[in-house]
Trainee: 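Right, I'll just put the structure down here and ask away after.
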4 protein chains.
Amino acid sequence: MTDPIQQQLINARKNQILDAAAIVFAEKGFHPTTIRDIARQAGIADGTIYNYFENKFDLLIGILSRLTELEQLPDELLQGLRGDVQEFFVVTFDHRMGRLKEGAEMLQAILPQVLIHPELRERFYRQYVERIATMLESYVAAQVERGQLRPVEPKLVVRLVQATIVGLLLLHIMGDETLERNWEQMPRFLADALFAGLRPRDGE
Amino acid sequence: MTDPIQQQLINARKNQILDAAAIVFAEKGFHPTTIRDIARQAGIADGTIYNYFENKFDLLIGILSRLTELEQLPDELLQGLRGDVQEFFVVTFDHRMGRLKEGAEMLQAILPQVLIHPELRERFYRQYVERIATMLESYVAAQVERGQLRPVEPKLVVRLVQATIVGLLLLHIMGDETLERNWEQMPRFLADALFAGLRPRDGE
Amino acid sequence: MTDPIQQQLINARKNQILDAAAIVFAEKGFHPTTIRDIARQAGIADGTIYNYFENKFDLLIGILSRLTELEQLPDELLQGLRGDVQEFFVVTFDHRMGRLKEGAEMLQAILPQVLIHPELRERFYRQYVERIATMLESYVAAQVERGQLRPVEPKLVVRLVQATIVGLLLLHIMGDETLERNWEQMPRFLADALFAGLRPRDGE
Amino acid sequence: MTDPIQQQLINARKNQILDAAAIVFAEKGFHPTTIRDIARQAGIADGTIYNYFENKFDLLIGILSRLTELEQLPDELLQGLRGDVQEFFVVTFDHRMGRLKEGAEMLQAILPQVLIHPELRERFYRQYVERIATMLESYVAAQVERGQLRPVEPKLVVRLVQATIVGLLLLHIMGDETLERNWEQMPRFLADALFAGLRPRDGE
DNA sequence: CATGAATGAGCATTCATTCAT
DNA sequence: AATGAATGAATGCTCATTCAT
């Protein structure tokens, strides 16, 4: 039943299809993309897709699932936990923005549907937002506890961080040139701004 | 030719249609929405829509245009210019988030397409992002000049502000309960965090 | 009821509409032409047409009727009756081909429908083919009787004449350049060929 | 790529569709005929048609192409070249009228559109009129040269011949009963009339 | 498993016709 | 009588999905 070699072949084919789907979805959007578009991109026949996925929508689910699979335990993040708080924010922004840019194509493919389709929305929110949020919240709470951060509401801080990241991606997708030029230095800028604020410090 | 009464009737009908379209688009997304859906929602016949709009896509353009029409010169913002810098951020966040929530339905209707359709993307970016950005940039630059803000790059600060706002809207649309509960107090929280930072101040 | 001035106004308007219809029908064909096309061409509103004609098809009937109205008793033809037989053919071809070229626009408009619509076909055939045919037949029969023509079957001769004329119009509509260049001299050529034949005569 | 068996299946299906299309077009005309009509007539589904033809108009092109395919090199005609001139005309009329009657259905299907659509008109004229015309012209010119025909302009003679044939078909389509009854003997009648003329000969 | 021809439900759009003004 | 906005039935075409090979 679960011949491991068979399983591997199946997974390879699934990935081949999902790769193709992500590319064309990102290019044309979900609905304007036809199954034939995907099949051509994958170099296979239309019907073959249905041997691996129930239907077109299932491809979105598949893409989403892979997005979260990629979201391995963020080792780098965990390492950041031990360092300086400000540095932690740098690492966080850096990591998240990097991940997003990597998966930007896929994100662009599914975000529109996420906004609309309840099931997708919930899946996306839970696996992609909430999970990270919980982790960050506990970190922030801990640092507040330790006095490394002002007594802020961790949940709100985390929303701020996440909103900023996803917002930046949106602006980026929209072709904002400033972001295009400064994408690399944004993490540090954001961390500084957020941690130290924009208020002029003594001596500036 | 341009009988003002006729013109008013025409505009009224156009708005009636765009209202209906925004509602259904927001609910089901652009492509899954049928012209019939919109016509039913507007209480008119299918064909009538085509007396006022070229095609289905034209409805999106129409919705976008109205979004920017609503974007009158933000008087409140201009008033904020004279006050305290931190207060300016409060006003800014408050104003933008208010506007967004008002137009959330419309935004939800067009955002997905904006991400994909180049023409729409450019229109949206220019009329909805760039215009505000320019204004904010000059304000930030002036305050940096005056020493009211640290010597930051205005363009980046503005991207941060705008990304945060649109990001929050996205999280909100996704049904984030924390945001739902605290939407009203977010502007002040954001302004504080951004201006003063999260670093513990002396005496905290 | 039948106020003669009213009647005249009505007829004028009907003709205005039929003129417009014939022009656009000839240009685009019956089905691709919209009522709006006709209204624009006539410089009136769509609805006005329906005050004068039952429906779109009725316009075809109207055009056809006018075609046959134009087909007044062909005086020239009648005059030809008294002359030489060969000359009669010249006059006949000349008259018919002239009429056709005049009404070519209208003919082009209705011929396609005539080929298909039974009612139209019969109307057209009876009023436009048969009437002339009967007249010509009796002339031919008389000339055969008098020995001015070989003992041919008048009905067949007449079909030959009429087929030639309508066939020439078709070739002409199709853009045949030879016909374009020689249209004027065709009647005499046809009459000669038909009456004297192509067989070399003594001494040629 | 071009598997011959596949190719044969494809052609068979194309012909099946074109057959159906020709039938319904002839019956109802091009525009009133729906794709569904054709599909039903062919006993297939609507969508299948689009696997073989770009669009509805393409079906007309297809029908026209087949008409000209049928127009093989007219062997019979070539044989006529060697015989008596008058006999050549008999063969010519016979051959052309036979062909036309065979393809009458198809002709009726496309002729209306030919009159209107420029592309179709040109295709039809070139492939269906001009080709035959050129051949006939050279024959006539040769016979004039040899003194077998009066010194007539070959181009005009050929137009006369072709116009007569197509005109007869039109009258036939219109339901002329005389033609219906005498269709078989028309070729000889036409050839006689044309070659020998209607002028009474010595001794008649 | 892979294929791709066949399917037919579904939709954007058109346009003849109506009718209130 | 003239208008032209409103109507909604009708249709060409698309495309997700099925299934015989």
Side-chain angles (χ1 to χ4, degrees), chain A residues 6 9-10 13 17 30-40 42-59, chain B residues 3 5-6 9-10 13 17 30-40 42-59, chain C residues 6 9-10 13 17 30-40 42-59, chain D residues 3 5-6 9-10 13 17 30-40 42-59:
Chain A
Q6 282 298 320
L9 283 180
I10 288 180
R13 189 56 71 112
I17 293 171
F30 177 71
H31 284 288
T33 293
T34 68
I35 288 290
R36 178 156 303 173
D37 288 335
I38 299 170
R40 291 248 172 83
I44 58 177
D46 301 18
T48 305
I49 292 177
Y50 287 87
N51 289 333
Y52 296 90
F53 297 92
E54 281 292 317
N55 50 40
K56 194 181 166 188
F57 182 71
D58 214 30
L59 293 171
Chain B
D3 179 354
I5 294 184
Q6 281 298 318
L9 283 179
I10 289 178
R13 187 62 71 133
I17 293 171
F30 178 72
H31 279 102
T33 294
T34 68
I35 288 291
R36 180 155 305 173
D37 289 335
I38 299 171
R40 291 243 175 87
I44 58 178
D46 300 18
T48 303
I49 292 176
Y50 289 88
N51 288 337
Y52 297 89
F53 297 91
E54 283 290 319
N55 49 42
K56 196 180 164 191
F57 181 71
D58 212 29
L59 293 172
Chain C
Q6 282 299 319
L9 284 179
I10 289 179
R13 188 57 71 113
I17 293 171
F30 178 71
H31 284 287
T33 294
T34 68
I35 287 290
R36 178 154 305 174
D37 288 335
I38 300 170
R40 291 249 171 84
I44 59 177
D46 300 17
T48 305
I49 292 177
Y50 288 87
N51 289 334
Y52 297 89
F53 296 92
E54 281 292 317
N55 50 39
K56 194 180 167 189
F57 182 71
D58 214 29
L59 292 170
Chain D
D3 179 355
I5 295 185
Q6 280 298 318
L9 284 179
I10 288 178
R13 187 63 70 133
I17 293 171
F30 178 71
H31 279 102
T33 293
T34 68
I35 287 291
R36 184 155 305 174
D37 288 336
I38 300 170
R40 290 239 177 87
I44 59 177
D46 300 19
T48 303
I49 292 176
Y50 289 89
N51 288 337
Y52 296 89
F53 297 92
E54 284 289 320
N55 49 42
K56 196 180 164 190
F57 182 72
D58 213 28
L59 293 171

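Below, chain A is the first sequence line, B the second, and so on; all start at residue 1. All values below come from the heavy atoms of this structure, side chains included, with hydrogens, waters and symmetry mates left out. Quick caveat, the model's predicted, so the values are computed rather than measured.
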Trainee: Please report the distance, rounded to the nearest Å, between CD1 in D:I17 and C1' in E:dT7.
Mentor: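 Computing the D:I17:CD1 to E:dT7:C1' distance gives 13 Å.
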Trainee: For D:L9, report the nucleic acid contact type (base, sugar-phosphate, nothing); a contact means any heavy atom under 4.0 Å.
Mentor: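 No contact at all - D:L9 keeps every heavy atom at 4.0 Å or more from the nucleic acid.
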Trainee: I want to check one thing: is the phosphate of F:dC15, taken as OP1 and OP2, less than 4.0 Å away from some side-chain N or O of D:Y50?
Mentor: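 The answer is no; no side-chain N or O of D:Y50 sits under 4.0 Å from OP1 or OP2.
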Trainee: Between F:dC15 atom C1' and A:D46 atom CG, what is the distance in whole Å?
Mentor: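 In whole Å, F:dC15 C1' lies 10 Å from A:D46 CG.
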Trainee: So what does A:Y52 touch, heavy atoms closer than 4.0 Å: a base, only the sugar-phosphate, or nothing?
Mentor: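 Here A:Y52 touches the backbone only, sparing every base.
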Trainee: Give a yes/no on whether any side-chain N or O of C:R13 is located under 4.0 angstrom from OP1 or OP2 of F:dA2.
Mentor: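 The answer is yes; a side-chain N or O of C:R13 sits under 4.0 Å from OP1 or OP2.
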Trainee: Taking any heavy-atom pair under 4.0 Å as a contact, classify D:I35: base, sugar-phosphate, or nothing.
Mentor: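 If one applies the 4.0 Å heavy-atom cut-off, D:I35 turns out to touch the sugar-phosphate alone, with no base involved.
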Trainee: Give the rounded distance in Å between these two atoms: CD1 of B:I44 and P of F:dA5.
Mentor: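 Between P of F:dA5 and CD1 of B:I44: 14 Å.
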Trainee: Is the closest side-chain heavy-atom distance between C:Y50 and C:I35 below 4.5 Å?
Mentor: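 Counting from C-beta outward, C:Y50 and C:I35 do come under 4.5 Å.
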Trainee: Under 4.0 Å, counting only non-hydrogen atoms across every strand here, what does B:T34 touch: a base, just sugar-phosphate, or nothing?
Mentor: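 Touches sugar-phosphate only.
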Trainee: Restricting to non-hydrogen atoms, name the atom on A:F57 and the atom on A:F30 that form the minimum distance, rounded to 0.1 Å.
Mentor: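 So the minimum-distance heavy-atom pair works out to CA-CZ, 3.9 Å.
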Trainee: Tell which nucleotide pairs with F:dA1, taking only Watson-Crick or G-U wobble pairs whose two distances are both under 3.5 angstrom.
Mentor: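 Its partner is none (no Watson-Crick or G-U wobble pair with both distances under 3.5 Å).
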Trainee: Any idea which heavy atoms bring A:I17 and A:I49 closest together, and the distance?
Mentor: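 Of all heavy-atom pairs spanning A:I17 and A:I49, the closest is CD1-CA, 4.1 Å.
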Trainee: Distance check needed: F:dC13 C1' versus D:D37 CG, whole Å only.
Mentor: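 After rounding, the reported distance stands at 15 Å.
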Trainee: Would you say D:D58's side chain and D:E54's backbone share a donor-acceptor pair under 3.5 angstrom?
Mentor: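 Between the backbone of D:E54 and the side chain of D:D58 there is a qualifying donor-acceptor contact (under 3.5 Å).
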Trainee: Both B:F57 and C:R36 contact DNA chain E. Taking the nearest nucleotide for each, which residue is further toward the 5' end?
Mentor: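 Looking at DNA chain E, the more 5' nearest nucleotide goes with B:F57.
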Trainee: With a 4.0 Å cut-off on heavy atoms, is C:F53 in touch with a base, just the backbone sugar-phosphate, or nothing at all?
Mentor: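 Here C:F53 touches no strand at all.
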Trainee: Could you state the CZ-P distance from D:R40 to F:dG12, rounded to the nearest angstrom?
Mentor: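 To the nearest whole Å, that distance equals 12 Å.
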Trainee: Taking any heavy-atom pair under 4.0 Å as a contact, classify A:I10: base, sugar-phosphate, or nothing.
Mentor: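 If one applies the 4.0 Å heavy-atom cut-off, A:I10 turns out to touch the sugar-phosphate alone, with no base involved.
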Trainee: Which of the following nucleotides, E:dC1, F:dG8, F:dC13, is nearest to the side chain of D:N55?
Mentor: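 Out of E:dC1, F:dG8, F:dC13, the nucleotide with an atom closest to D:N55's side chain is F:dC13.
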Trainee: Take the protein atom CD1 of A:I49 and the nucleotide atom C1' of F:dA16, then report the distance between them rounded to whole Å.
Mentor: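 Nearest whole value for this atom pair: 11 Å.
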Trainee: For B:K56 and E:dG10, what is the distance between atoms NZ and P respectively, to the nearest whole Å?
Mentor: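 Going from B:K56 (NZ) to E:dG10 (P), I get 15 Å.
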Trainee: If the cut-off is 4.0 Å, is D:T48 near the phosphate of E:dA5, judged by side-chain N/O to OP1 or OP2?
Mentor: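 The answer is no; no side-chain N or O of D:T48 sits under 4.0 Å from OP1 or OP2.
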Trainee: Between E:dG10, F:dT3, E:dT3, which nucleotide gets closest to the side-chain atoms of A:N51?
Mentor: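 The answer is E:dT3, which lies nearest to the side chain.
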Trainee: How close do A:H31 and A:K56 get, counting heavy atoms only, and between which atoms?
Mentor: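 Scanning both residues, the minimum pair turns out to be O-NZ, 3.3 Å.
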Trainee: Give the rounded distance in Å between these two atoms: NE2 of C:H31 and P of E:dC15.
Mentor: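 Answer to the nearest Å: 12 Å.
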Trainee: So what's F:dT11 paired with, Watson-Crick or G-U wobble, going by both distances under 3.5 Å?
Mentor: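 Pairing partner: E:dA12.
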Trainee: Please tell me if the side chains of A:R13 and A:N51 come closer than 4.5 Å, counting only heavy atoms from C-beta onward.
Mentor: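 They are not in contact (no side-chain heavy atoms under 4.5 Å apart), so the answer is no.
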